Amino acid sequence: LNGDLSFQIGSPAINAGNPNGFYTDSDGTRNDIGISGGNNVFVSKEVVDFGNVDASSGSCCISTYIYNFYGVLSLSSYSGSDLNSFSVSNDSEVLTEIGIFEKIEPKLSLQNISPGTYSADVNIIFSNRPNNNGTITGTAQIYNVPSGNINVPSDIPSIQAALELASEGHTITVASGEYFEDLQLGFGKQNITLKSESGPQQTIINGVQSWNDRLINIDADYFTMDGFTIKNHDGVAIRGYDSRGSIFKNLVLQNNRYHQFANSIIQNCLFIENYGTLNVIGDDPNNQYVNLFHNVTIAGNKPVFNFQI
């Protein structure tokens, strides 16, 4: 670096920054690495990943933000490789003149799509800074999701994808096998049932490869999990603290560190070879003890295993 922190001639950082046109230098060259590069435009997301998407319904909407830090930036138009499917859904609402320290919020949608791995681009075109015309890429994995219940892996290849794609009130049936997945079900999707086809001895969720703190994290209400072995997780194997009125039954919980339940029914389950804590203190300070344990066996665990109530 020079004394003013600019790059010396021949520095490998020159013309080595982000290649997206949003960040092109004012002279039209690729931007430099660091604070000296670019032309006062910043984009919050250059890649919009829609994740797992149902082909019949598509996905809407994911926002990205385009910030301007100098003068006025004039938005001219959009172009793209597949605007029939991947497009800006609120183009009529987006400002065309972006003042200094202002931003616009294009909302990207995905519609009219076929099953498979999807990728397409939307190009953002500026009339007064054409060197900074840039590209936002949309990606997704598209599935034909049954209108009724879902079978894993014959309909959807993974349990997590099935949880994301299932509608409220539907059942996901998992074939026998060993699954190395982290499972998350967020707020707002109620009455989902996740069950095995062949019972816990034949259907295993193995956390040995997981780096997440939580192997199975359920935030949705009235969830049912039935017929799995859940084992070998050195964090929270099941977290159901924010899941109200849920049922966990016919499970084998084996060689895990933590299990956390609140406001749930735990039925016909076996806790064995565990070495941490079974926590059943609810998250509601006015009504903490609302778990119901019915026909549950807690045996053969490590000496450090404890039952926190």
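Side-chain atoms are counted along with the backbone in the values below, which use heavy atoms only and exclude waters and symmetry mates. Small disclaimer: the values here were computed from a predicted structure and weren't measured.
The distance from the CG atom of Leu183 to the CZ atom of Arg214 is 14.0 Å, given to the nearest 0.5 Å. Distance check, rounded to the nearest 0.5 Å: CD1 of Ile66 to NZ of Lys45 gives 13.0 Å. Here the straight-line distance linking atom NE2 of His259 with atom CD of Gln308 works out to 14.0 Å at 0.5 Å rounding. In this structure, the separation between CD1 on Ile33 and CZ on Phe7 is 6.5 Å, given to the nearest 0.5 Å. Taking CD1 of Ile192 as the start and CG of Asp221 as the end, the distance is 12.0 Å to the nearest 0.5 Å. How far CD1 of Ile216 is from CD1 of Ile205: 4.0 Å, rounded to the nearest 0.5 Å.
Within the 3.5 Å criterion, the main-chain N or O of Phe22 finds a donor-acceptor partner in the side chain of Asn132. No donor-acceptor pair under 3.5 Å is formed between the side chain of Asn131 and the backbone N or O of Asp27. Using a distance-only test at 3.5 Å, with no hydrogens or angles considered, no donor-acceptor pair links the side chain of Ser63 to the main chain of Glu105. With His170 contributing its side chain and Gly148 its backbone, the two residues share a donor-acceptor pair below 3.5 Å. Formation of a donor-acceptor pair under 3.5 Å by the Ser11 side chain with backbone atoms of Gln8 is not found in this model. With Asn133 contributing its side chain and Pro130 its backbone, the two residues share a donor-acceptor pair below 3.5 Å. Side-chain N or O atoms of Asn279 include none that pairs as donor or acceptor with a backbone N or O of Tyr258 at under 3.5 Å. Under the 3.5 Å distance criterion, the side-chain polar atoms of Tyr67 are left unmatched by any main-chain donor or acceptor of Ile104. Arg129 contributes a side-chain N or O that, together with a main-chain N or O of Asn39, makes up a donor-acceptor pair within less than 3.5 Å. Side chain of Asn68 to main chain of Gly71: a donor-acceptor pair is present (N/O by atom type, distance under 3.5 Å, no hydrogens or angles).
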Exercise for review: Step by step, work out the side chain to side chain contact (heavy atoms under 4.5 Å, CB included) result for Glu273 and Asn256.
Suggested key: CA-CA 8 Å; Glu273 299 177 6; Asn256 302 307; over 6 Å; no

Exercise for review: Might you work through the side chain to side chain contact (heavy atoms under 4.5 Å, CB included) test for Ile136 and Ile124, ending with a clear yes or no?
Suggested key: CA-CA 8 Å; Ile136 297 171; Ile124 311 296; 4.1 Å; yes

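No hydrogens or angles considered: a donor-acceptor pair under 3.5 Å links the side chains of Ser74 and Glu97. At a cut-off of 3.5 Å, with distance as the only test, a side-chain donor of Thr137 or Asp121 sits close to an acceptor on the other residue. Remark: the Asp82 side chain and the Ser85 side chain contain an N/O donor-acceptor pair separated by less than 3.5 Å.
Considering every non-hydrogen atom in both Leu108 and Val88, the closest pair reads CD1-CG2, 3.9 Å. Between Asn144 and Ala55, the closest heavy-atom pair is OD1-CB, 3.7 Å. Nearest approach of Phe223 to Leu163, heavy atoms of both residues: CE1-CD2, 4.4 Å. Of all non-hydrogen atoms in Asp32 and Ile14, the two that sit nearest each other are OD1-CA, 3.3 Å. Of all the heavy atoms in Arg244 and Asn263, the pair that sits closest is CD-ND2, 3.3 Å. Summarising the geometry of Leu75 relative to Ile125, their closest heavy-atom pair is CD1-O, 3.6 Å, with the distance given to 0.1 Å.
No continuous path of hydrophobic side-chain contacts links Leu165 to Phe50 [ILVMFWY only; heavy atoms under 4.5 Å]. Hydrophobic clustering, with ILVMFWY side chains joined whenever heavy atoms are under 4.5 angstrom apart, keeps Leu292 apart from Phe248. Linking ILVMFWY residues whenever their side-chain heavy atoms come closer than 4.5 Å, directly or via other members, places Leu110 and Leu83 in the same cluster.
Taking the six-membered ring wherever Trp is involved, the centroid distance between the rings of Phe42 and Phe69 does not fall below 6.0 Å.
Evaluated for a side-chain hydrogen bond (donor to acceptor under 3.5 Å, both in side chains) with Asn123, the options Ser77, Ser81, Ser79 yield exactly one hit, Ser79.
With sequence neighbours excluded, no residue forms a side chain to side chain donor-acceptor pair (under 3.5 Å) with Ser264.
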